[in-house]
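The structure appears right after this line, and notes come after that.
One-based numbering along the sequence shown.
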Amino acid sequence: MQIDFIFIIAILIMSVVIHEVSHGYVAYMLGDPTAKLAGRLTLNPMSHIDLLGSIVVPLLMYLSTGFIIGWAKPVPYNPYNLKNQRWGIALVGAAGALSNFLLAIVFGLFIRFGDLLHLPGPFLEIFIIIVVLNILLGVFNLLPVPPLDGSKVFFSLLPYRLLYIQDFLERHWLFFIFIVIFFAWRIIIPVVGALFSLITGLPLTGF
């Protein structure tokens with residue numbers, strides 16, 4: 001699948017921007033105006049691009065592994081402003097990954113019904129990249145390791161007597177995120193492939 005790397009980066013940037021804005025909007029709906037007051041409830045990439053996470057890391061990952069992962073500047077929010085103190089943090093945390101899965105489903109349906117819609121090949125190639133990247137972002141971010149979004153969901157589900165697990169993971173997050181980035185792909189990629197096939201009806205090849 002020969003698509004210009006810069007174009008892939010552009011898709012990645014817009015996907016992580018939508019991911020971060022989703023965090024901010026859910027926090028806003030739950031009563032926290034922090035992201036809105038900071039001017040972060042916008043799809044303007046310039047408000048969200050992180051030089052390291054949006055450009056440098058994706059480039060290095062692509063050159064070293066052939067895969068692309070990245071992030072935007074985290075949207076700020078104040079958990080103490082959330083109306084739902086029990087599940088608010090989990091909802092805000094899950095919002096980003098859910099937005100990526102929603103994007104994957106929408107563009108995946110275009111792929112599934114591409115013949116009926118008479119979509120030209122170049123469009124299908126673009127849609128495949130969008131679907132794969134967004135599934136990858138969604139799955140990666142739901143891993144229960146700080147600072148990934150999945151950790152917020154995981155910690156919200158922990159009973160009080162097991163909160164020492166949260167403390168342990170937060171103190172050693174750098175070690176665990178290193179393991180995830182470099183060794184978890186054997187688990188992540190099959191999951192991405194299965195979800196891609198489920199959504200599009202096609203096998204994931206060339207990745």
Side-chain angles (χ1 to χ4, degrees), residues 1 3 5 7-20 22-23 48 50 52-74 90 92-109 111-112 125-158 165-166 168-170 172-207:
M1 190 177 302
I3 294 182
F5 175 75
F7 188 73
I8 297 176
I9 288 292
I11 294 174
L12 175 66
I13 288 174
M14 287 309 303
S15 298
V16 297
V17 165
I18 292 172
H19 178 108
E20 290 299 331
S22 297
H23 287 311
H48 301 279
D50 179 271
L52 179 63
S54 305
I55 298 175
V56 176
V57 169
L59 177 60
L60 292 177
M61 288 293 293
Y62 180 80
L63 294 176
S64 60
T65 68
F67 298 106
I68 294 180
I69 198 68
W71 60 86
K73 289 189 295 185
V92 173
L98 291 178
S99 71
N100 291 129
F101 288 134
L102 180 60
L103 283 171
I105 290 171
V106 170
F107 284 95
L109 291 176
I111 297 171
R112 180 178 282 271
E125 289 191 356
I126 293 171
F127 292 166
I128 287 173
I129 291 295
I130 293 173
V131 173
V132 172
L133 280 178
N134 277 279
I135 293 176
L136 181 58
L137 285 171
V139 172
F140 179 76
N141 277 284
L142 281 182
L143 294 175
V145 178
L148 300 179
D149 300 331
S151 66
K152 298 178 178 63
V153 179
F154 176 57
F155 296 154
S156 295
L157 296 173
L158 280 178
I165 296 176
Q166 177 178 350
F168 176 77
L169 290 175
E170 287 180 338
H172 302 286
W173 70 270
L174 187 59
F175 171 75
F176 288 106
I177 201 67
F178 177 84
I179 292 177
V180 166
I181 291 175
F182 289 98
F183 299 105
W185 297 108
R186 293 182 181 180
I187 299 174
I188 293 174
I189 296 305
V191 173
V192 171
L195 290 175
F196 179 87
S197 296
L198 178 65
I199 294 171
T200 66
L202 300 174
L204 180 61
T205 59
F207 290 87

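In this view, H48 satisfies the ring pair (Phe, Tyr, Trp, His ring centres under 6.0 Å) rule with no residue, not counting sequence neighbours. Among residues two or more places apart in sequence or in another chain, the side-chain contact (heavy atoms from CB on, under 4.5 Å) test is passed with V16 by L12, A72, L137. For F107, the ring pair (Phe, Tyr, Trp, His ring centres under 6.0 Å) partners at least two apart in sequence or on another chain are F127. Partners of I105 according to the side-chain contact (heavy atoms from CB on, under 4.5 Å) rule, which considers only residues two or more places apart in sequence or in another chain, are L109, I199. Contacts of F168 classified as ring pair (Phe, Tyr, Trp, His ring centres under 6.0 Å), with partners at least two apart in sequence or in another chain: H172, F176.
Heavy-atom minimum distance, L143 versus I188: CD1-CD1, 3.9 Å. Of all heavy-atom pairs spanning S99 and S22, the tightest one is CB-OG, 3.1 Å. Across every non-hydrogen atom of H19 and D149, the tightest pair is NE2-OD2, 2.7 Å. The nearest pair of heavy atoms linking R112 to L198 is NH2-O, 2.8 Å. G138 and F101 make their closest contact through C-CZ, 3.5 Å (heavy atoms, listed as atom of the first residue, atom of the second, distance). Contact detail for S197 and L204: the closest heavy-atom pair is OG-N, 4.1 Å.
Looking at heavy atoms from C-beta onward, F155 lies in side-chain contact with L169 at the 4.5 angstrom threshold. At least one side-chain heavy atom of I135 sits less than 4.5 Å from a side-chain heavy atom of V139. Counting only heavy atoms from C-beta outward, the side chains of I128 and E125 never approach each other to under 4.5 Å.
Distance CZ/F154 to CD1/I165: 5.5 Å, rounded to 0.5 Å. With rounding to the nearest 0.5 angstrom, the CD1 atom of I130 is 8.5 Å from the CD1 atom of I111. Rounded to the nearest 0.5 angstrom, D50 CG and E20 CD are separated by 9.5 Å.
Heavy-atom neighbours of I187 CD1 from other residues, nucleotides or ligands within 6.0 Å: at or below the threshold of 12.
Panel note: side chain S151, backbone L148; a donor-acceptor pair is recorded below 3.5 Å.
The side chain to side chain donor-acceptor pair (under 3.5 Å) contacts involving residues 126-139 comprise S15-N134, N100-N134, where partners must be two or more places apart or lie in separate chains.
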